[in-house]
Amino acid sequence: MKLTITAAILAFASQLVSSHYTFPYLVVGSTATAEYQYVRMTDNHYSRSPVTDVKSAPMKCYESNTAASTSTYTVAAGTTLGFKADQALYHPGYLDIYMAKANPTANTESAGSGAVWFKVAEWVPGWTKAGGFTWPSENQQTFTFTIPKCIPAGEYLVRIEHIALHSASTYGGAQLYIACGQIKVTGGGSGNPGPLVSFPGAYTGNEPGILLNIYNLPANYTGYTAPGPAKFTC
């Protein structure tokens, strides 16, 4: 009997892990780089467990002291860039990508501190009263965007974040899967990216795009509201 219970617990734990994911690959153009070569190795690289406290330190890059051991990729402004997950995203949710000018360099732990992050891409759930939700990030594995041509040259962090909403009906129930890549942008321009936010700090956890029962919507629901600032465009 004990063996049966133990086997069931192990099977359940394995199922939980397999439904979670990480973003270990930086994508440049259409090519994925090596695992954690240009992406900081996250604290969940074994467990795949999400961040659930939006006010906690892991909200920045979900890593602890891996910046110096991560390489920085040199790439021109206007290039297609992004991330590849270790499997297709299993959960319904909202996905976005941010960038932050790195100070002093991308491979220092202090980079990305304070209100320096601006949104460059997002995959926003659609919704209609007749058809319900559509999830553009669900069952996808690679997410790319075009580096804005107007941003100043220099070193940046690039941060991907998937906010899984399948258990977001109570505070702290949303699951956030996060990773940061390190890049050096060449070319570029004299743009002034913004609005700028900090991680942690951008979210309270009470935003309608984070605290949401996707299975039991209010009668007056009109559609998904993305958390965070508006997307920056040149």
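All of these numbers come straight from a predicted model, not from anything done at the bench.
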[X] and [Y]: which non-hydrogen atoms are nearest, and at how many Å?
X	Y	value
Phe145	Ala121	CB-CB, 3.7 Å
Ser110	Pro104	OG-CD, 3.7 Å
Ile163	Pro227	CD1-CG, 3.8 Å
Asn103	Thr108	O-OG1, 4.1 Å
Lys84	Ala32	CD-CB, 4.2 Å
Thr186	Ala76	OG1-CA, 3.3 Å

Donor-acceptor pair, [X] side chain versus [Y] backbone, under 3.5 Å?
X	Y	result
Glu207	Gly205	yes
Gln141	Ala85	yes
Thr33	Leu26	yes
Lys60	Ala111	yes
Lys119	Pro229	yes
Gln37	Pro24	no
Asp43	Ser64	yes

TODO: Taking the six-membered ring for Trp and the single ring otherwise, decide whether the centroids of Tyr21 and His162 are under 6.0 Å apart.
DONE: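 Ring centres of His162 and Tyr21 closer than 6.0 Å.
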Task: Check against side chain to side chain contact (heavy atoms under 4.5 Å, CB included), Ile151 and Tyr156 - done: CA-CA 10 Å; Ile151 66 172; Tyr156 287 82; 3.8 Å; yes
Return the [atom1] to [atom2] distance between [X] and [Y], rounded to the nearest 0.5 Å.
X	Y	atom1	atom2	value
Trp117	Phe232	CH2	CZ	15.5 Å
Thr204	Lys55	OG1	NZ	6.5 Å
Leu176	Leu165	CG	CG	9.0 Å
Glu122	Tyr98	CD	OH	8.0 Å
Ile210	Tyr171	CD1	OH	8.5 Å
Leu212	Tyr221	CG	OH	5.0 Å

Linked, directly or transitively: [X] and [Y] (ILVMFWY side chains, under 4.5 Å):
X	Y	answer
Ile147	Ile160	yes
Val39	Ile183	yes
Leu196	Ile97	yes
Tyr62	Tyr46	no
Tyr73	Val120	yes

Just wondering, do [Y] and [X] contact through their side chains at under 4.5 Å, heavy atoms?
X	Y	result
Tyr38	Val158	no
His20	Pro50	yes
Tyr177	Leu89	no
Leu95	Phe83	no
Tyr203	Glu161	yes
Asn216	Ser169	no
Cys150	Pro193	no
Arg40	Gln182	yes

Open item on the list: Quick one, Ser167 with Gln175, criterion side chain to side chain contact (heavy atoms under 4.5 Å, CB included). Give me CA distance, side-chain angles, the key distance, then yes/no.
Closed with: CA-CA 8 Å; Ser167 58; Gln175 299 180 357; 4.0 Å; yes
Open item on the list: Would Ile178 and Met59 count as a side chain to side chain contact (heavy atoms under 4.5 Å, CB included) here? Give the steps.
Closed with: CA-CA 7 Å; Ile178 299 164; Met59 280 292 292; 3.9 Å; yes
Open item on the list: For Thr22 and Asp86, which I'm curious about, is there any donor-acceptor pair between the side chains at under 3.5 Å?
Closed with: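 There is such a pair between these side chains.
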- [ ] Report yes or no: do Asn107 and Thr72 form a side-chain donor-acceptor pair below 3.5 Å?
- [x]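 No, Thr72 and Asn107 have no side-chain donor paired with an acceptor closer than 3.5 Å.
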Task: Among Tyr94, Phe143, Trp135, the one residue meeting ring-ring contact (aromatic ring centres under 6.0 Å, His included) with Trp123 - done: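 Among Tyr94, Phe143, Trp135, the one that satisfies the ring-ring contact (aromatic ring centres under 6.0 Å, His included) with Trp123 is Phe143.
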Task: Within 6.0 Å of CG in Asn192, more than 12 heavy atoms from elsewhere - done: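 Open: at most 12 neighbouring heavy atoms sit under 6.0 Å from CG of Asn192.
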